[in-house]
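Have a look at the structure below before the remarks.
Bear in mind that the values here come from a model prediction, so they are computed numbers and not experimental data. Lettering follows sequence order; numbering is per chain, from 1. These values consider heavy atoms only, across backbone and side chains, with no hydrogens, waters or symmetry-generated copies.
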Amino acid sequence: MTDSRPVLTMTGISKSFPGVRALHDVNFRLFPGEVHALMGENGAGKSTLIKVLTGVYDTDEGSITLDGAPVSFSGPMQATAAGVSTVYQEVNLCTNLSVAENIFIGREPRLLGAVRWGEVRRRARALLARLDLDLDVSAPLGSYSLAIQQMVAIARAIDIQARVLILDEPTSSLDAGEVAQLFRIMRQLRDEGIAILFVTHFLDQVYEIADRITVLRNGGLVGEYPTAELPQLGLVEKMIGKELDVLEGIEEHSRRDLAALEEGTPLVAVSSLGRAGAVEPFNLTIHAGEVVGLAGLLGSGRTEVARLLFGADRADGGQVAVDGTSSSLRTPAQAIDQGVGFCSENRRAEGIVPDLSVRENIILAMQAARGWLRPIPRRRQDELVDKYVKALNIRPADPEVPVRNLSGGNQQKVLLARWLITEPRLLILDEPTRGIDIGAKTEIQKLVTQLSDGGMAVLFISAELEEVLRLSHKVAVMRDRQMVAQLANDDGLDADRIMQTIASGSHREEEDR
Amino acid sequence: MNDTMGRYRTMVGHRLFWPAAVLVVMLAANTVYRPGFLSVELKDGHLYGTPIDILRLSAPLILVALGMTVVISTGGIDLSVGSMCAISGAIACMYISQQPDQNSLPVVLTALAMALGVALVLGAWNGVLVAVIGIQPIIATLILMVAGRGLAQLITEGQIITINSEPYRAIGLGHVLTLPLAILIALAAALLVGAFTRRTALGMIIESVGGNAEASRLAGIRSGRVIFLAYVLSAVCAAVAGFMMTANVSSADGNAAGLWVELDAILAVVIGGTSLAGGRFFLSGTILGALIIQTLTTTVYAMNISPQTSLLFKAVVVIAVCLIQAPAFRARFTRRRSSAPPPSTVTDSPKEQVPA
Amino acid sequence: MTTGSLTAGRTRLRLPRRQIPVLATLALLLVMYGVGVSQYQAFSNVQVIFNVFIDNGFLLVVAVGMTFVILTGGIDLSVGSVVAMTAMVSASLLQQGLPAALVLVIALLIGPTLGLLMGCAIHFFDIQPFIVTLAGMFFARGMCTFISGSSIPITDGFWTRMSQERIGDPRGNFVSISVLIAFAVVVVAAYTLAYTRLGRNVHAIGGNPQSALLMGLPVGRTRIAVYTISGLCSAIGGILLSFYTLSGAPLIGVGMELDVIAAVVIGGTVLTGGSGYVFGTVLGVLVLGVIQTLITFDGSLNSWWTKIVIGGLLFAFILLQRLIGIRYK
Amino acid sequence: GNSDTGGGSAADDGKITLGFSQVGAESGWRTANTTSIKEAAAAAGVELKFDDAQQKQENQIKAIRNYIQQKVDVIAFSPVVESGWDTVLKEAKDAGIPVILTDRSVDSADKSLYKTFLGSDFIKEGRLAGEWLVEQKKTASGPVNIVELQGSAGAAPANDRKKGFAEAIAANPNLKIIASQTGDFTRAGGKAVMEQFLKANPKIDVLFAHNDDMGLGALEAITAAGKVPGKDITIITVDAVKDGMQALADGKFNFIAECSPLLGPQLMDLAKKVHAGEEVPARIETEETTFTQEQAKEALPNRKY
Ligand SMILES: Nc1ncnc2c1ncn2[C@@H]1O[C@H](COP(=O)(O)OP(=O)(O)OP(=O)(O)O)[C@@H](O)[C@H]1O
Ligand SMILES: Nc1ncnc2c1ncn2[C@@H]1O[C@H](COP(=O)(O)OP(=O)(O)OP(=O)(O)O)[C@@H](O)[C@H]1O
Ligand SMILES: [Mg+2]
Ligand SMILES: [Mg+2]
């Protein structure tokens, strides 16, 4: 592979934002027919490098060549035209447009200048079929879950006749099946000679697909390595820049005595809560100190369960009892009053308030619960915020920067902090580790265990089954927006059994997963 | 050297620097045109002079713009403020004019209370339309903008109601400690709104609702209430502004009072740095914006720019103001002048941020 | 849809959800018309409908331009003044004896040029559309009074013909040429929005400008184009207005921008952008026109009651429209 | 609403239907005008269809079109602006409906489009004001400094009053307009402008305001500046509405050129005549006068508006 000339080189790239040096003298090469992983902690500068490359940001210094010729894109439009196709971190599509249009906008098939809508839909369907997706392509994209949107974004990128394909954390919200699908296509494209730049925080995925790895740390280049020559441990050390001890995986402590936990009145008891078109009525009990995992495939309705429980969506019927007394959790505010917290998977649309500072974003839920008349004293705010900025290693560590300026992973940590300071009795975490680097991910997992040891109940949703298994006392399995099973996390439970539960009785089209 | 340079930079980087600079330039231009422009003298224990006029005349606009700032910050807009001024003024003046003793303080207070009561109701009406029924703010408030002026004229029966009430007149023209009362009222309102929003958590909550309504809802904010409150506040501010406008000329003109004030108020808010898309708001910027607008109007009079060209003149100034205000515009010049631009001003707005 | 059960529930509401706003508006409009017919005898004349079009043709054209702008999430406050300026410029040039064709060309160039400049200011200098177009509004209105303090009549033959030509059926019902021009503009705009890249980019930018940029769409170009289009529509509207009144008056069209914005929003376009139809805008203009006609037919309203009733009708209409189940956004 | 309107039935019961399109309700003057017309219609047994155009020409044209549809017997209107009426007036003519203009005129070349114009002569009003001033300042030796408060930029009364006044004072080169600014016909506008006039010009001898309201606003500014209105500064206005007459009677104004809004009775008369096909003069001027302070004191008790 490396004997050919690089299709893309970036030399001496530097980029500063007010108060932050996001990139400093970074070099990067990309060869045709390789999958190149760009690795680094949250805020290391991966996304910035990609944005500099595609002209979203101007460089302060440095040069870029494509096929040996110097280029300087003025924006994604030019980059795309030159054959650099990008899926940026966070879904960057227009939710008001249809699925098909999101895939083809900007390069619709036309006849005499008129968009051929039939053709657009037909091609979109075909393209999605390649990704194993069967969607109504003329429905607005916004009616689909974030994971689907992510897949649509990928579909858009791979359709472009590109020489360079850039994927910034495309897998963060995908489940194993979808990831496998994506990798199959990536390999296919690689074999066609396309150069792929791939960002992820999943080490397994890197070793599964990447040919080479470039590591960034704190905006600086650490090095470029063939995957084969860099063992996992070495990679992590290069990323975090110190010896690895934090990473002693958390022992599978969670397999404690479920029966003991489940004594007494449950903290939350849900009976036949449901919403037409979203989730079939389900029952669920969660006890104090219990971690309930929610497993299921993409779009199986996990998020919908969480939203119903939190009152973010109105349920059609069913009851929720908190501490044994039936309560109404019809709005988020009511749920929060009852001690429920909900960290949404869609951090951009439902999580952060971009203009507000890190501090304000963190105290938002707590302040809302106290009412506006009782502001949290500034000293207390600073204490709380400092504590979690440190605990979660939020960078930059300045609580007064607008949260919009943080890297994706750091934004996620801010959201987590928002809910942690409210000290809820039941915390619903929907993909909390999405887009979070390996160090922080372990931190969060540790945190969840600590919290549950301290008596907090957690509803934990994650696309990573291992993570769910490691943390949960009990796993509820979703299939087709139905809660099909609740399995105690004893020694008998593993990923395979969950997959089987999901698969048994599922529809034909899903059998190959 | 380095220190002064740094201080200069923080000053220039400050949000209010450029609007303030514009104001200063306008005042300077006036002073050059007429050296006595800035002079203030003490007449009968009152301060008297053009700067005082500007302050006094901008008081109603400041009030309206304060309420507007909060509404805009929630992601809304209130077009009905002009009508609200007319209605409140009309009610107050109408009531006073019907009383045998127009100079009695209780009469005036009753009038104010009645008008404020109606303003509360109308503000609540707007609030319900936007926050509860979910009508787009511009249309929801357009209803009252149209109908409200009709209401005001209905109250006055299309006449200009002239009153002869010293206490009421004082709202617009009275003096306390040599300063016009109107200025003090506006100042008090600004401090009150400032305290209410910045001393409590209300400000942050408003900004949060305006910045991302769905995220705020999921964080437990009852955004409906916040939005509702914003419209009520705006109505009350407009009502007080209506008192000032009518007191200033001791008469209520249902047609002319507060005409186009909504545009001026929005302009003031935007000049002050608050985005029409909602989110962060800046009360001090709004006040500065209102002063700029009033100074501009006064300049037209003071320089006796002919009515035929005064609109052109205003347009040119407004264009200049917004250009100078825009970091992207300044960046072009900074970049041209110095090869190594200070990062604080130049990269302020990465290309990615496209305003809605 | 015949896809599997996975998608069945999800698509359930799609079709109605998208079309309901426009259909509801249409239904309400018909109801309103029905009320008029039942109340006032002459209301049922076909010419009454034609008159609504004749009297609102220019408004319609301007509203179509505004629809583009609002779809991107912007706003254009300058339209009323640009309409007036175009009429003033035409009138004064014709008064000076320039040939009609040349005047047409000049008049049709001014609006788009101003729009282009405003679009550039909005895009390149990152200034809020509201403030830029407000400055444009002052400027254009200033130009009006600058050109002449009083109204200028137009006596040109071409203009007179365009103004007084009646295209009609044998029973004497007629429309003016302006109506045809307005319809042509509507059709072209609807086609542009639905079937051209420009039109689709407009929707995308309204949905999410940052995403549109990252998707490689020409955000800047589109945004500038949109204000230029609005300027062009205002210019055409101005020409139609000058046909309509055969004059240019410095104060004509004051406050028109609000009528236009109202029409667009009543027509179901969301002010924050990304969703709306030209057909909705047509309905919005008709709603305003029919309200006006109802009030004139009544003929017993006081000046202030006129305003109150307009506000009331507007309220009733929007409330019903809303209750019939439109969930904007 | 009444359901039996329109449809040409009007002639059957011998009652005339008059469609009247008013400019708006932008001033007390206008309201008095509207009231007069309504009262006169009721008194004369004319069925009135009234429409308020809210200062928009488009609305007036719409209203006239609708009157044509409703087949009213006579159309009357106060045009918002002078130009732009030919098309719709031609339609009225084709429909056989006579048109009467009130208050303001139109500039159509084709005079057959309307039967008559009933209203004041704004130029004359300005001239009367100017002539009175020339007469007053006949003996003035030095220059006389005049400031002018104009009506809304572009409005016909503003343009014409300015013109008439300027023509009249041209007779005496001592009379100079040193500042002229629009006060938008409102008290607030008049006051704000006058404040600046007073600060910019140490010596103002005369104020000419295009209507009473601006004059009344200016009064306040003058008083606040420590000057005595009517003495230190001679004040001339137009209109003669009640508040203005009061100020004149109180000696705060010096002269008012009347512009009477009471056109109702004359209009009904004319409407009946044109409906009956009688010839009417093409131009009928409202009976108007001027007031000095003494005349105002006399007239004030029995003024109707
Ligand atoms: N628009 C911006 N303004 C200011 N600072 C920014 C901006 N965008 C990024 N940064 C900063 O630049 C640094 C690098 O961010 P970047 O998004 O490249 O990180 P990343 O490596 O992609 O992290 P993650 O894994 O969390 O996505 C961060 O410290 C971030 O706060
Ligand atoms: N395969 C699919 N085809 C069509 N629509 C889907 C599909 N998957 C998900 N959706 C959409 O996603 C919504 C349900 O997803 P939800 O977010 O509850 O699932 P989830 O289990 O949390 O999955 P995700 O991993 O996407 O978060 C549905 O309402 C539907 O609109
Ligand atoms: Mg990133
Ligand atoms: Mg989910």
Side-chain angles (χ1 to χ4, degrees), chain B residues 75 77 79 129 133-140 142-158 254 260 263 266-267 270-271 275-277 307-323 325-330 332 349 351-356, chain C residues 73-75 77 121-132 134-146 148-149 205-206 208-210 212-214 219 223 250 258 261-262 265-266 270-273 302-312 314-315 318-319 322-323 327-328:
Chain B
I77 200 159
L79 293 183
L129 291 192
I133 306 182
I135 298 175
Q136 296 192 53
I138 200 167
I139 288 295
L142 178 75
I143 293 170
L144 208 51
M145 176 185 180
V146 177
R149 210 153 276 286
L151 279 177
Q153 289 187 321
L154 177 71
I155 293 164
T156 64
E157 292 184 314
W260 302 122
L263 275 190
I266 297 170
L267 189 59
V270 176
I271 290 178
S275 158
L276 272 173
Q308 296 229 337
T309 44
S310 66
L311 268 172
L312 270 184
F313 171 76
K314 277 190 178 183
V316 170
V317 175
V318 170
I319 291 168
V321 172
C322 25
L323 285 182
Q325 275 267 66
F329 179 78
R330 292 200 308 271
R332 265 160 216 258
S349 64
K351 279 199 283 176
E352 184 195 30
Q353 282 158 39
V354 189
Chain C
I75 199 153
L77 295 180
I122 290 165
H123 176 65
F124 290 115
F125 302 142
D126 210 0
I127 312 177
Q128 298 192 40
F130 190 96
I131 194 170
V132 172
L134 188 66
M137 166 179 161
F138 288 159
F139 175 80
R141 186 63 67 185
M143 285 307 291
C144 288
T145 47
F146 186 72
S148 163
I205 291 174
N208 188 338
Q210 281 165 47
L213 190 77
L214 293 182
V219 172
R223 184 169 283 146
L258 271 179
I261 295 170
V265 177
I266 290 171
V270 183
L271 206 60
T272 45
N302 213 327
S303 293
W304 31 96
W305 278 110
T306 303
K307 292 179 186 166
I308 297 175
V309 170
I310 290 179
L314 207 59
F315 167 67
I318 289 162
L319 187 70
R322 175 88 198 145
L323 292 185
R327 294 204 62 88
Y328 290 117

Looking only at heavy atoms, which two atoms of Leu142(B) and Ala262(C) are closest? And how far apart? CD2-CB, 3.4 Å
Considering all heavy atoms of both residues, which atom of Gly311(C) and which atom of Ala147(B) are nearest to each other, and what is their separation? CA-CB, 3.9 Å
If you count heavy-atom pairs under 4.5 Å with chain C, which of Arg149(B), Glu157(B), Met145(B) comes out on top? Glu157(B)
At what distance, to the nearest 0.5 angstrom, does CD of Gln128(C) lie from CG of Leu276(B)? 4.5 Å
Highest number of heavy-atom pairs under 4.5 Å with chain C among Thr309(B), Leu144(B), Leu267(B) belongs to Leu267(B)
For the student: nearest non-hydrogen atoms of Ile131(C) and Cys322(B), plus distance: CD1-CB, 3.9 Å
I'd like to verify something: which residue of Val317(B), Ile266(B), Leu79(B) has the highest number of heavy-atom pairs under 4.5 Å with chain C? Ile266(B)
Does atom CZ of Phe146(C) have more than 12 heavy-atom neighbours, drawn from other residues, nucleotides or ligands, at distances under 6.0 Å? no
Options Ile139(B), Ile319(B), Val318(B), Ile271(B), ranked by heavy-atom pairs under 4.5 Å with chain C, top entry: Ile139(B)
Shortest non-hydrogen contact between Arg322(C) and Ile135(B), atoms and distance: CD-CG1, 4.3 Å
Report which part of Ser275(B) has an atom under 4.5 Å of a heavy atom belonging to chain C: side chain, backbone, both, or neither. both
Write down the atom of Gly150(B), the atom of Trp304(C), and the distance for their closest heavy-atom approach. O-CB, 3.2 Å
Looking only at heavy atoms, the pair that brings Leu311(B) and Gly142(C) closest together is CB-CA, 3.4 Å
Does Gln136(B) use its side chain to pair, donor to acceptor, with the backbone of Leu271(C) at less than 3.5 Å? yes
